[in-house]
Protein chains: 2
Amino acid sequence: MKDQTRKKARLSAEDRRALLEDAACACIARGGIRDFTVDKIVAEAGVSRGLITHHFGSMDGLLAAVYSRMYGEWIAAISAPRPGLAPIDALIEALVSPALFSRDVLNVWLTLWGEITTNPVLRAEHRARYGQYRASIAALLREAAPAAAGFDAEAVASAFICLVDGLGVQRCVEPTLLSETDARAACWTLLRPYLDPVGAGSVAKARS
Amino acid sequence: MKDQTRKKARLSAEDRRALLEDAACACIARGGIRDFTVDKIVAEAGVSRGLITHHFGSMDGLLAAVYSRMYGEWIAAISAPRPGLAPIDALIEALVSPALFSRDVLNVWLTLWGEITTNPVLRAEHRARYGQYRASIAALLREAAPAAAGFDAEAVASAFICLVDGLGVQRCVEPTLLSETDARAACWTLLRPYLDPVGAGSVAKARS
DNA sequence: GGCGCTACTGAACGGTTGTACAGTATCAGC
DNA sequence: GCTGATACTGTACAACCGTTCAGTAGCGCC
């Protein structure tokens, strides 16, 4: 009864778009781009077939919206302050947190990356956001580095971003082979020599 | 005329399989998993529609064969000796060479990674090969490291592999933003502190 | 030179794809 | 309460999907 009346509820365009984006993410997380399908998504969202075209014009429009949303959430998550943690520690903790380092999230990223080659809209979105992403990480590194060290923060930031992407790939491909702890350790394997040069001689030592 | 007689040529099962795998790779490189399609692949290979089922049983069978082939070629490429280069230098040169670091190759990898979540056969193949891949890189690191250093080669190898995967992702996503030189530099950003600890104090210095 | 194996063909199949579109129902403004 | 705007529905459609299968033809073998 309630459901019947509920079902007819009308949402604002914005809310409905968000709901459809969520459903699309869920489908992609479950089955990759092969499950990014009108039927699957509307079933997941519990709406009729015509709604996607109505709100996004086409499936490509929906995919672009999903990409934009994912990038925004990623940036927001790594930018959120974590009281009591140094900025770099906060960054790494965010990156290995379930909000970003879960298979659902990472599988959506992997799928979107795979579509970028074919989809100019996605590529434009990436180009617009990536520069800022890298710059903010480079700035973080410069702040965290000891004053004496004069390393190339842009280069380290670039390598760090690639490492994070690669950790995401491995996590997707075989989650049991790469724990959250492993990922944290990998991040420090790259950064420690630059941020903690005092211990450079004993670089072998693991950081708990 | 010639083509007509040529067309009727019969190949060994092995040769035809290789030919279809090549065609499949070409299609995936061009359009991701959406172009991994019976029609597209047989058109690329210049054969009839029924051939894929005949040789591989199903499209999944073909995809598994492609994955296996890609992994084999990857291992072979990084294992090939490069006279005059230290083992680690040879490894990195192989990784940034066009044979491995081209968009065509990397886009196939990206697509296959995206399918692993859904495809148990691919995952089994990965699990079987990854351990050996990582172990061989760890062994290379141990050989290259100065005797005094006692760092965890397995951990560095793991991080290095993730970095390489991430470089591949970035290269696919936006080739103009990541040159072969950039990739080489990123590899050394990770490895130099462990393999060249003498210069650890001046870790900032770029290696040409 | 004929025989049998099998690589190979191509039409046919039911199911799924994304989009178009005519029609319905709900809510805001008056 | 009426009206207009629009969120929403659901059928229709042509194109394409992977697989099946009966039939054809090239090649090794005797």
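Quantities reported herein were computed from a predicted structural model and do not represent experimental measurements. Within every chain, numbering begins at 1; the chains are lettered A, B, ... in the order of the sequence lines, protein sequences first and strands thereafter.
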Go through the steps to decide whether B/Val164 and B/Phe101 satisfy the test side chain to side chain contact (heavy atoms under 4.5 Å, CB included), and finish with yes or no.
CA-CA 10 Å; B/Val164 170; B/Phe101 201 61; over 6 Å; no

Sequence-distant partners of [X], salt bridge (charged side-chain N to carboxylate O under 4.0 Å, His left out), two or more places apart:
X        : result
A/Glu154 : A/Arg134, A/Arg142
A/Asp182 : none
A/Arg34  : B/Glu115
B/Arg123 : none

side-chain hydrogen bond (donor to acceptor under 3.5 Å, both in side chains) with A/Glu125: which residues, sequence neighbours excluded?
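Partners of A/Glu125 under the side-chain hydrogen bond (donor to acceptor under 3.5 Å, both in side chains) test: A/Ser68, A/Arg129.
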
If the condition is side-chain hydrogen bond (donor to acceptor under 3.5 Å, both in side chains), which residues does A/Arg82 pass it with, not counting sequence neighbours?
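So A/Arg82 forms no side-chain hydrogen bond (donor to acceptor under 3.5 Å, both in side chains) with any residue.
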
State the SG-CZ distance between B/Cys25 and B/Phe36, to the nearest 0.5 angstrom.
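Rounded to the nearest 0.5 Å, the SG-CZ separation comes to 9.5 Å.
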
Rounded to the nearest Å, what distance is computed from the [atom1] atom of residue [X] to the [atom2] atom of nucleotide [N]?
X       : N      : atom1 : atom2 : answer
B/Leu51 : C/dT9  : CG    : P     : 5 Å
B/Asp39 : C/dA12 : CG    : C1'   : 14 Å
B/Phe56 : C/dA7  : CZ    : P     : 12 Å
A/Leu11 : D/dT9  : CG    : C1'   : 15 Å
A/Arg16 : C/dC27 : CZ    : P     : 11 Å
B/Lys40 : D/dG18 : NZ    : P     : 9 Å
A/His55 : C/dT19 : NE2   : P     : 15 Å

Provide the full list of side-chain hydrogen bond (donor to acceptor under 3.5 Å, both in side chains) pairs with a residue in residues 99-113 of chain A, sequence neighbours left out, each pair given once.
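Of all non-adjacent pairs touching residues 99-113 of chain A, those that pass side-chain hydrogen bond (donor to acceptor under 3.5 Å, both in side chains) are A/Asn107-B/Thr117.
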
Applying side-chain hydrogen bond (donor to acceptor under 3.5 Å, both in side chains) as the test, list every pair that has at least one member in residues 47-63 of chain B; sequence neighbours left out.
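Only B/Asp39-B/Arg49 qualify under side-chain hydrogen bond (donor to acceptor under 3.5 Å, both in side chains).
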
Under the salt bridge (Lys or Arg N to Asp or Glu O under 4.0 Å) rule, what pairs show up with a residue in residues 164-175 of chain A, not counting sequence neighbours?
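Matches after skipping sequence neighbours: A/Glu174-B/Arg127.
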
Which residues in residues 113-124 of chain A have at least one heavy atom lying under 4.0 Å from any atom of DNA chain C?
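Nucleic-acid contacts, sorted: none.
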
Summary of protein contacts for nucleotides 19-30 of chain D, nucleotide by nucleotide, where a base hit scores B, a sugar-phosphate-only hit scores S (4.0 Å, heavy atoms)
BB----BBS---

Below 4.0 angstrom from OP1 or OP2 of C/dA7, is there any side-chain N or O of B/His54?
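Yes, because at least one side-chain N or O of B/His54 sits under 4.0 Å from OP1 or OP2 of C/dA7.
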
Please list, in numerical order, the residues of residues 23-37 of chain B that have a heavy atom closer than 4.0 Å to any atom of DNA chain D.
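Listed by number, they are B/Phe36, B/Thr37.
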
